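A quick write-up on the structure given underneath.
As the structure lists them, so they are numbered: ligands from 1, and atoms in each ligand from 1. Computed from a prediction, not measured in an experiment: that's the story for all the values here. The figures that follow rest on heavy atoms only: side chains count, while hydrogens, waters and symmetry mates do not.
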Amino acid sequence: MARVYNFSAGPAVLPEEVLQEAADEMLDYRGSGQSVMEMSHRSKVYDTIIKEAEADLRELMNIPDNYKVLFLQGGASQQFAAVPMNLMKNRKAAYIITGQWAKKAWKEAQMYGEAVAVASSEDKTFSYIPDCSDLDIPEDADYVYICENNTIYGTKYKTLPNTKGHTLVGDVSSCFLSEPVDVSKYGIIYGGVQKNIGPAGVVIAIIREDLITEDVLPGTPTMLKYKTQADNDSLYNTPPCYGIYICGKVFKWIKKMGGLSAMKVHNEKKAKILYDFLDESKMFTGTVAKEDRSLMNVPFVTGDKELDAKFVEEAAKAGFVNLKGHRSVGGMRASIYNAMPVEGVEKLVEFMKNFEKENTK
Ligand code: PMP
């Protein structure tokens with residue numbers, strides 16, 4: 001069996017031992033005689049799976065008791081609508097535009113009320129995080145919205161914005177569980193799991209209880225009310241059972257690795273190997289302001305489209321796959337999520353060094 005080094009931005013690499021364990025349990029989950037894919041979400045066996053997943057996540061993120069953990073569907077994109085539908089009591093919110101995902105969320109919110117862009121880095125192709133220490137946030141804004149790690153552009157907030165007392169909503173899809181986080185700073189922290197945690201199809205939303213109310217915008221579908229999901233412990237309808245089961249396994253894997261502080265050290269080590277090389281290379285350059293670099297998504301270019309394409313093609317042949325940059329920006333992007341081993345990044349850099357040598361006249 002030959003496994004590649006997968007640098008995809010998502011769905012993305014998962015820990016090999018998690019996949020192996022799932023394979024071992026595929027036909028008969030722990031003596032139940034069924035696969036987790038086949039069992040009722042109302043069964044005792046499944047109840048243990050989802051409860052344990054939540055308990056492990058609470059432990060990993062140190063989630064305060066006054067926050068609910070919801071396992072949802074619809075992708076992170078559905079939260080672009082769910083957030084305003086549930087939170088926009090004054091029909092006003094502040095958005096910080098740091099990339100396509102933040103922009104999409106902002107556009108979606110405009111359907112429900114006044115979504116004010118209070119900062120943006122679009123002037124420089126989203127290659128930095130704007131100064132958010134003293135933003136002009138409307139007094140009556142219901143929340144301030146950020147996309148914390150910008151998957152496409154490779155930037156990450158190193159400090160959270162000064163929300164001036166407003167509720168903070170953070171999309172952490174591409175940095176979920178990559179480092180310790182203070183959940184109490186957010187009203188809602190949510191993300192799709194298909195990058196750092198599990199298979200596509202599950203969204204985890206961690207929501208402060210006082211934000212979960214019946215007082216939602218008129219017309220909010222039952223399924224999109226946080227209250228519906230919270231009152232039913234994410235089992236109002238059939239949840240993405242198998243995906244949640246895999247997430248649970250990844251939580252246990254992270255715990256075994258030493259938790260989020262250990263993940264941070266592991267991720268910093270990998271990112272440093274790659275960024276150090278980009279800083280010394282004469283062929284490859286990183287595209288992001290150094291102080292705002294993401295630990296998870298590393299975009300880079302050669303400055304020559306044909307050479308970029310050649311690199312992506314030859315890298316794939318050598319077993320380093322999915323290095324093509326997002327279709328909107330071109331160039332390359334290496335996503336180096338939790339499950340990417342250090343060795344994968346070391347070998348990629350070795351490959352890049354050789355490529356540079358062979359393609360320099
Ligand atoms: N937010 C971020 C930061 C993302 O990277 C993505 C997708 N890659 C999304 C939202 C949208 O996620 P989904 O495809 O699950 O709707």
Side-chain angles (χ1 to χ4, degrees), residues 6-14 70-85 95-109 111 115 120-122 125-130 143-158 160-161 168-179 181 186 188-206 223-224 229 239-240 242-244 246-247 250 267 287-288 292-299 322-329 333-340:
N6 181 6
F7 293 93
S8 169
V13 57
L14 287 171
L70 305 182
F71 295 100
L72 307 171
Q73 306 193 50
S77 301
Q78 192 161 79
Q79 294 306 308
F80 299 170
V83 166
M85 283 178 148
Y95 278 72
I96 301 173
I97 316 299
T98 52
Q100 283 205 17
W101 299 114
K103 202 168 173 179
K104 282 193 172 156
W106 173 53
K107 287 257 148 80
E108 190 77 19
M111 298 185 7
S120 168
S121 52
E122 193 163 15
T125 336
F126 299 119
S127 58
Y128 69 102
I129 298 289
Y143 59 89
V144 175
Y145 183 100
I146 60 166
C147 177
E148 198 158 326
N149 185 84
N150 296 281
T151 325
I152 297 173
Y153 302 93
T155 57
K156 160 105 190 344
Y157 286 80
K158 298 296 156 77
L160 292 175
L168 179 66
V169 176
D171 170 2
V172 295
S173 294
S174 49
C175 58
F176 227 151
L177 303 183
S178 62
E179 56 184 284
V181 55
Y186 302 79
I188 301 182
I189 180 163
Y190 82 89
V193 304
Q194 68 268 27
K195 295 148 199 309
N196 251 340
I197 307 181
V202 184
V203 173
I204 298 175
I206 301 158
M223 278 288 290
L224 292 192
Q229 303 291 353
Y242 196 81
I244 294 170
I246 298 290
C247 293
V250 172
N267 288 326
T287 55
V288 165
D292 299 324
R293 284 171 163 176
S294 163
L295 293 181
M296 299 280 98
N297 310 98
V298 184
N322 292 319
L323 280 164
K324 195 164 186 282
H326 188 270
R327 59 187 186 279
S328 66
V329 281
R333 171 181 49 174
S335 295
I336 48 177
Y337 297 121
N338 286 351
M340 172 59 66

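Atom 16 (O) of ligand 1 has as its closest protein heavy atom S77 OG, 2.6 Å. The nearest protein atom to atom 1 (N) of ligand 1, hydrogens excluded, is given as D171 OD2, 2.6 Å; this is a heavy-atom distance. T151 OG1, 3.3 Å is the protein heavy atom nearest to atom 3 (C) of ligand 1. In terms of protein heavy-atom proximity, atom 7 (C) of ligand 1 is closest to W101 CZ2, 3.4 Å.
Between Q194 and ligand 1 there is a heavy-atom distance shorter than 4.0 Å. Residue S173 places a heavy atom under 4.0 Å from ligand 1.
Between Y337 and S174, the shortest heavy-atom contact is CE2-O, 3.6 Å.
Partners of E108 by side chain to side chain contact (heavy atoms under 4.5 Å, CB included), not counting sequence neighbours, listed by chain and number: F80, A81, M111, Y112. In this view, M223 and Q229, Y236, N237 satisfy the side chain to side chain contact (heavy atoms under 4.5 Å, CB included) rule, not counting sequence neighbours.
Under 4.0 angstrom from ligand 1, the non-hydrogen atoms of K195 all belong to its side chain.
Residue contact check: G75 has heavy atoms under 4.0 Å from atoms 15 (O), 16 (O) of ligand 1.
Side chains of D292 and T155: no donor on one and acceptor on the other come within 3.5 Å.
The backbone N or O of L177 lies less than 3.5 Å from no partner atom in the side chain of N196, so there is not a single donor-acceptor pair.
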Trace of the side chain to side chain contact (heavy atoms under 4.5 Å, CB included) decision for N150 with I129: CA-CA 10 Å; N150 296 281; I129 298 289; 3.8 Å; yes
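Between C147, G201, A76, G10, it is A76 that holds the heavy atom closest to atom 12 (O) of ligand 1.
Of the residues listed (L72, V172, D171), the one engaging Y190 in a side chain to side chain contact (heavy atoms under 4.5 Å, CB included) is D171, and it is the only one.
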